[in-house]
Amino acid sequence: MQKKLKLWDAIMLVMGSMIGSGIFIVSADMMRNLGSGFWLIIVWVITGVMTVAAAISYGELSALFPKAGGQYTYLKEIFGKKMGFLYGWGLFTVIQTGTIAAVAMAFGKFTAYLVPSLNDAAPLFQSGEFKITWIQILAIAVILLLTYINTRGVESGKLLQNVFTGSKIIALLGLIATGFILVDFSHLAENFSLGMDSFNNLKKDISGNFLKEGWEPISGMTLLGGIAAAMVGSVFSSVAWESVTFVSGEVENPKKNIVKSMIYGTSAVMILYLAVNYVYLNALDRDSIAFAANDRVAVVASQNIFGSAGTIIIAVLVMISTFGCDNGLILAGARVFQTMAKDGMFFKSAEKNNKNEVPENALWMQGIWASVLCLSGQYGNLLDMISFVIVLFYMITVFGVIYLRFKKPELERPYKTWLYPVTPFVYLLIGTGFCVLLLIYKQQYTWPGFLMVLLGLPVYYFINRKKQTDQ
């Protein structure tokens with residue numbers, strides 16, 4: 001593969017793939033689970049420490065295995081083909097494609113702010129609860145357009161990524177600055193006045209609307225359950241940074257630049273996320289954050305900051321953010337499926353590069369399945385179910401750093417995990433706590449996604465049986 005991505009391009013890919021629609025929405029549900037500005041910030045800090053610790057740990061593996069496929073390659077090399085396949089299966093069926101679909105739908109929904117007729121138009125097709133709307137069609141059009149642009153060569157995808165990621169970083173910095181300068185009345189002191197006290201409010205009326213009067217104090221194990229539920233949102237907003245490892249084969253000096261891009265990129269994004277949440281806490285009171293219409297906290301905050309123009313400003317920002325995010329996900333994901341095809345673990349046709357030296361068939365397979373998920377309307381449910389599995393695969397990969405230190409201490413390690421073994425243990429400790437608490441308190445986020453990945457086992461055995469028969 002041609003080395004066309006420099007360090008700056010890799011950092012833009014990390015940041016662009018992370019910053020999608022989550023940061024503009026998830027703080028509402030987090031506040032309903034925690035009821036305190038103090039705990040809202042604590043959860044974002046925990047998520048930040050967790051994310052950067054994983055990136056630092058992944059750096060050692062990226063230097064050991066500087067080839068396309070990234071996390072799939074690490075898992076396959078350390079734990080064998082079966083583990084690598086299960087990750088790749090999960091990535092194609094829902095992790096990567098489901099995220100692409102969800103981010104494209106967020107683009108469509110915020111476009112509908114600027115073009116209300118998109119919301120008002122009658123469904124193109126409806127049968128019971130299943131329907132196809134113009135917003136879904138717009139989301140699919142975005143996916144197919146970005147897929148096409150990426151088939152034109154890595155230079156096209158890189159340029160788009162840098163322009164849109166740069167734009168949304170500048171826009172977020174502008175939102176952060178104005179969020180403190182232009183707000184007439186600060187709610188920071190009020191939001192932090194509760195100190196370490198925590199509350200939740202998950203009660204709904206018969207119409208399904210949250211009741212503003214339903215705040216109840218929580219502590220002990222109930223608080224831990226609330227933290228885990230809140231972390232589903234912050235973790236989902238902070239994933240996909242590993243996408244840069246998928247394109248290792250196209251990055252200059254991957255042994256150094258992949259780890260640098262992951263550490264610099266994740267650190268910068270988590271600082272931005274913390275600052276944006278301080279803006280929410282400064283511009284809005286607790287109820288305004290927790291009960292923002294459709295959970296669009298950023299829209300309500302922006303209205304407080306910019307007045308009536310706030311809705312338009314935030315809609316444009318989210319459109320830029322989601323468009324750039326989807327481009328990064330599309331660019332990176334196809335490289336994993338190409339690597340799997342080379343290992344005989346995916347459709348053979350996905351292995352080929354086109355005349356522009358990019359995996360065109362893998363790109364279209366990914367784009368078409370993501371489009372199907374858009375039409376199904378189930379991408380949101382799938383992603384809720386898969387958050388647990390994403391963290392589980394992160395944990396297995398981080399554990400791989402420790403495992404390899406014992407199993408193959410003789411390997412030359414161009415980069416060694418900073419503060420080893422503390423850094424990987426920090427991630428494993430937080431990740432284990434998160435997964436265990438979800439298993440206890442929020443099982444709807446755990447077993448369905450886990451079973452979905454396990455469905456890959458019969459597929460794996462079928463593929464290998466077929467290979468043995470062919471031989």
Side-chain angles (χ1 to χ4, degrees), residues 4-25 48 51-52 54-55 58 70-71 91 95-107 110 139 142-143 145-147 149-150 152-176 236-248 250-252 257-273 275-276 298 316-336 358 363 366-367 370:
K4 293 187 176 180
L5 300 175
K6 302 182 188 302
L7 174 60
W8 177 252
D9 303 320
I11 293 171
M12 289 293 98
L13 181 57
V14 171
M15 296 183 72
S17 298
M18 289 179 73
I19 306 171
S21 56
I23 185 59
F24 305 104
I25 296 170
T51 304
V52 176
Y58 270 51
Q71 191 170 355
L91 199 74
I95 295 173
Q96 197 79 358
T97 49
T99 306
I100 289 168
V103 172
M105 284 297 296
F107 176 90
F110 276 90
V142 166
I143 292 169
L145 171 64
L146 289 172
T147 298
I149 291 170
N150 277 280
R152 307 305 295 165
V154 74
E155 291 282 357
S156 302
K158 177 182 86 172
L159 176 63
L160 202 66
Q161 191 63 26
N162 290 351
V163 168
F164 276 84
T165 301
S167 299
K168 65 183 167 186
I169 290 169
I170 292 168
L172 277 173
L173 289 171
L175 177 66
I176 291 162
F236 172 68
S237 303
S238 310
V239 297
W241 50 266
E242 76 282 3
S243 289
V244 74
T245 70
F246 302 164
V247 295
S248 295
E250 292 157 274
V251 175
E252 285 183 358
N257 286 342
I258 295 293
V259 62
K260 285 181 180 178
S261 67
M262 288 192 293
I263 294 171
Y264 297 162
T266 54
S267 300
V269 169
M270 296 318 299
I271 290 168
L272 278 174
Y273 281 2
V276 169
V316 172
L317 172 53
V318 176
M319 286 169 66
I320 291 169
S321 181
T322 48
F323 196 81
C325 178
D326 248 3
N327 181 68
L329 295 168
I330 288 166
L331 186 156
R335 272 63 178 180
V336 180
V358 293
L363 279 161
Q366 173 184 258

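Please read these numbers as outputs of a predicted model, since none were measured by experiment. All heavy atoms count here, side chains included; hydrogens, waters and symmetry mates do not.
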Backbone N/O of [Y] and side chain of [X]: donor-acceptor pair under 3.5 Å:
X	Y	result
Gln161	Leu159	no
Ser248	Thr245	yes
Gln366	Ala334	yes

For [X] and [Y], which heavy atoms make the closest approach, and how far apart are they?
X	Y	value
Thr99	Asp326	O-OD1, 4.2 Å
Ala370	Thr97	CB-O, 3.7 Å
Ser17	Ser243	OG-CB, 4.0 Å
Asn327	Gly157	ND2-O, 3.1 Å
Thr147	Gly367	OG1-CA, 4.0 Å
Ala268	Met15	CB-CE, 3.7 Å

For the [atom1] atom of [X] and the [atom2] atom of [Y], what is their distance to the nearest 0.5 Å?
X	Y	atom1	atom2	answer
Asn257	Tyr264	CG	OH	9.5 Å
Ile320	Ile170	CD1	CD1	10.0 Å
Met262	Ile258	CE	CD1	7.0 Å
Leu317	Lys168	CG	NZ	9.5 Å
Phe164	Met319	CZ	CE	9.0 Å
Leu329	Phe246	CG	CZ	9.0 Å

*Test log, rule side-chain contact (heavy atoms from CB on, under 4.5 Å), inputs Leu13 and Ser261*: CA-CA 9 Å; Leu13 181 57; Ser261 67; over 6 Å; no
*Start with the C-alpha gap between Leu160 and Ser156, add the side-chain angles, then the distance that decides, and say whether side-chain contact (heavy atoms from CB on, under 4.5 Å) holds.*
CA-CA 6 Å; Leu160 202 66; Ser156 302; over 6 Å; no
*asked:* Determine whether Ser321 and Phe24 satisfy the following criterion, side-chain contact (heavy atoms from CB on, under 4.5 Å), listing intermediate values before the conclusion.
replied: CA-CA 10 Å; Ser321 181; Phe24 305 104; 3.8 Å; yes
_salt bridge (charged side-chain N to carboxylate O under 4.0 Å, His left out) contacts touching residues 156-165 (sequence neighbours left out)_ = Asp9-Lys158, Glu155-Lys158
*Step by step, work out the side-chain contact (heavy atoms from CB on, under 4.5 Å) result for Thr322 and Phe110.*
CA-CA 10 Å; Thr322 48; Phe110 276 90; over 6 Å; no
*Look at the aromatic rings of Trp241 and Tyr58 and report parallel, tilted or perpendicular, splitting at 30° and 60°.*
perpendicular
*Under 4.5 Å between any side-chain heavy atoms of Ile100 and Leu146, yes or no?*
no
*Would you mind reporting whether Val336 and Gln96 have side-chain heavy atoms less than 4.5 Å apart?*
no
*Partner of Leu363 by side chain to side chain contact (heavy atoms under 4.5 Å, CB included), out of Leu331, Ile149, Asn150*: Asn150
